[in-house]
Amino acid sequence: MEVTFTPAIFPLALSNLHQKELALKTIHPMNANSAFSRRQFLKGISASGFLLASPHALAVEQAIAPLRQLAKGKLIIGTAVPSDFDKFFTPKELETLSTHFDSVTPENCMKWNSIGQKEGEYRFEQIDRLMEFATKNKQSFVGHTLIFNRDENLPKWVFQDGTKEADAKLVWKRIEDYATEVMTRYKGKIDSWDVLNEFIEIPKPGYRETNLTRIVGADYPARLFKLAAELDPKAKLTYNDFSVEQPDRLKAILNFVRKLRDKGCKIDVIGSQSHVEIGEKTGDKLDKMVKQFAAEGFKCALTEVDVDVIPRKLFWNPKNRTDVSKINPYINGCPPEILEKQAATYKEVMGAVMANIKHVDRVSFWGFTDRRSWLNKWPWERVNYGLLFDRETNPKPAFHAVAEMLKKV
Ligand code: GLA
């Protein structure tokens, strides 16, 4: 008879955390069943290639060169860090964070809906703690993100005036107050500000329609970039978006930033989020993307890299959604051949970076352990393996692929 084995590995208080981060604290290959047999658990661990903390595993770990060291002088290597990381990261995660990365991006705590849930209220505590960690470890900081052009990422009160809807003047005044408060507080401490996130949407009208575009107007990005440049003239200012390398979006985004620059805005970097899927042929596209921006005087950064091992394209067709959202093939671990295939995809992404190294400012991964990745939750719940380190914070083939590419230049 099998002994019932209930994992008690992540006994965390989950209150007050961003919705997307919530479940990530509890995500584990065992999470599909609340009670899991010990035999199943061990079988899953060995099938996944997880390294337990054996002396051999530790020796292997000690032998790996820190990514930030491999990239030194060529490229900034960064990672996103979840809110309250210092309350639940294991010592090994904290060490990995400080050893391998020279830039941190707050995953959620620096968004307006996290800082300012009520009018006149500013919550900086989580940002300050991450900044303290970064300063101690000589890491630079990404301001992510001043304005996120999605209604769900902006506080509702911004658009209300008592019982009425706020008008353009009031909304803009609130943006100015907010930007002034945040950018002044962190002036000189932010290497790069994502001034605007996810503005472009195709097809017509060419941008995502939100309360901001509707009330303030679709030309608010120019005002925003000018404001940001005044508030922190030394920070690199970034426009950040997803699928920037896809030809139709590349054309639209190039056009958009070109127009902003023609209006007198300072834009230094174009951030390509680069949430890639396994086997996706993005190398050539990323290569073209960097070259096209470089030809017009913009640097690029890959700002949110991860490689989903469970393709999600079919999910976007609403007809498939119910079926696709049941797909969860790697509950007991990710097969080695999939991890190798994922490493090849990482290699392709890094290949495009290394070939254009002078024009790439930074590569940041959207987290570093599979255990915490948003891909376990988005766009549907499944056990995912998108990052460089496994759930026990051991380097995966993807890590070695990135390290190998960093050695090339
Ligand atoms: C986008 C945003 C990030 C974050 C990720 C998912 O890529 O830019 O801030 O919300 O989605 O976690």
Quick test of your reading of the model: are [X] and [Y] salt-bridged, counting only N-O distances below 4.0 Å?
{"X": "Lys396", "Y": "Asp390", "value": "no"}
{"X": "Arg362", "Y": "Asp191", "value": "no"}
{"X": "Glu93", "Y": "Arg372", "value": "yes"}
{"X": "Glu132", "Y": "Lys136", "value": "no"}
{"X": "Glu119", "Y": "Arg174", "value": "yes"}
{"X": "Asp219", "Y": "Arg223", "value": "no"}
{"X": "Lys138", "Y": "Asp102", "value": "no"}
{"X": "Lys266", "Y": "Asp268", "value": "yes"}
{"X": "Arg214", "Y": "Glu165", "value": "yes"}
{"X": "Arg382", "Y": "Asp308", "value": "yes"}

Under the 6.0 Å and 45° cation-pi test, does Arg249 pair with Phe242?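 Yes, a cation-pi geometry holds between Arg249 and Phe242.
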Here's one to test your reading of the geometry: is the NZ or CZ of Arg321 within 45 degrees of the ring axis of Phe315 and under 6.0 Å from its centre?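 Yes - Arg321 lies over the ring of Phe315, closer than 6.0 Å to its centre and within 45° of its axis.
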Is [Y] close to [X] at the side-chain level, that is, under 4.5 Å between some pair of heavy atoms?
{"X": "Thr79", "Y": "Thr105", "value": "no"}
{"X": "Lys111", "Y": "Thr145", "value": "yes"}
{"X": "Leu254", "Y": "Glu296", "value": "yes"}
{"X": "Asn240", "Y": "Leu196", "value": "no"}
{"X": "Pro329", "Y": "Ile327", "value": "yes"}
{"X": "Leu75", "Y": "Val363", "value": "yes"}
{"X": "Phe293", "Y": "Val244", "value": "yes"}
{"X": "His400", "Y": "Pro395", "value": "yes"}

Between [X] and [Y], ring centroids under 6.0 Å:
{"X": "Trp112", "Y": "Phe148", "result": "no"}
{"X": "Tyr220", "Y": "Tyr207", "result": "no"}
{"X": "Phe298", "Y": "His359", "result": "no"}

May I ask you to check whether over 12 heavy atoms, not counting those of [X], lie within 6.0 Å of atom [atom1]?
{"X": "Lys288", "atom1": "NZ", "result": "no"}
{"X": "Lys291", "atom1": "NZ", "result": "yes"}
{"X": "Asp167", "atom1": "CG", "result": "yes"}
{"X": "Lys189", "atom1": "NZ", "result": "no"}

My understanding is that only one of Lys234, Lys236, His144, Met110 makes a side chain to side chain contact (heavy atoms under 4.5 Å, CB included) with Ile190; could you say which?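 Going through the options one by one, the only one that passes is Met110.
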Please test Phe85 against Phe133 for ring-ring contact (aromatic ring centres under 6.0 Å, His included), starting from the C-alpha separation and ending with a verdict. CA-CA 10 Å; Phe85 75 103; Phe133 179 91; 5.3 Å; yes
Specify whether [X] and [Y] have parallel, tilted or perpendicular ring planes, treating 30° as the upper limit for parallel and 60° as the lower limit for perpendicular.
{"X": "Phe199", "Y": "Phe256", "value": "parallel"}
{"X": "Phe389", "Y": "Phe101", "value": "perpendicular"}
{"X": "Phe225", "Y": "Tyr239", "value": "tilted"}

Strictly by modelled atom types, are [X] and [Y] linked by a side-chain donor-acceptor pair under 3.5 Å?
{"X": "Tyr186", "Y": "Asp128", "result": "yes"}
{"X": "Trp374", "Y": "Asn384", "result": "no"}
{"X": "Glu201", "Y": "Asn149", "result": "no"}
{"X": "Thr369", "Y": "Thr393", "result": "no"}

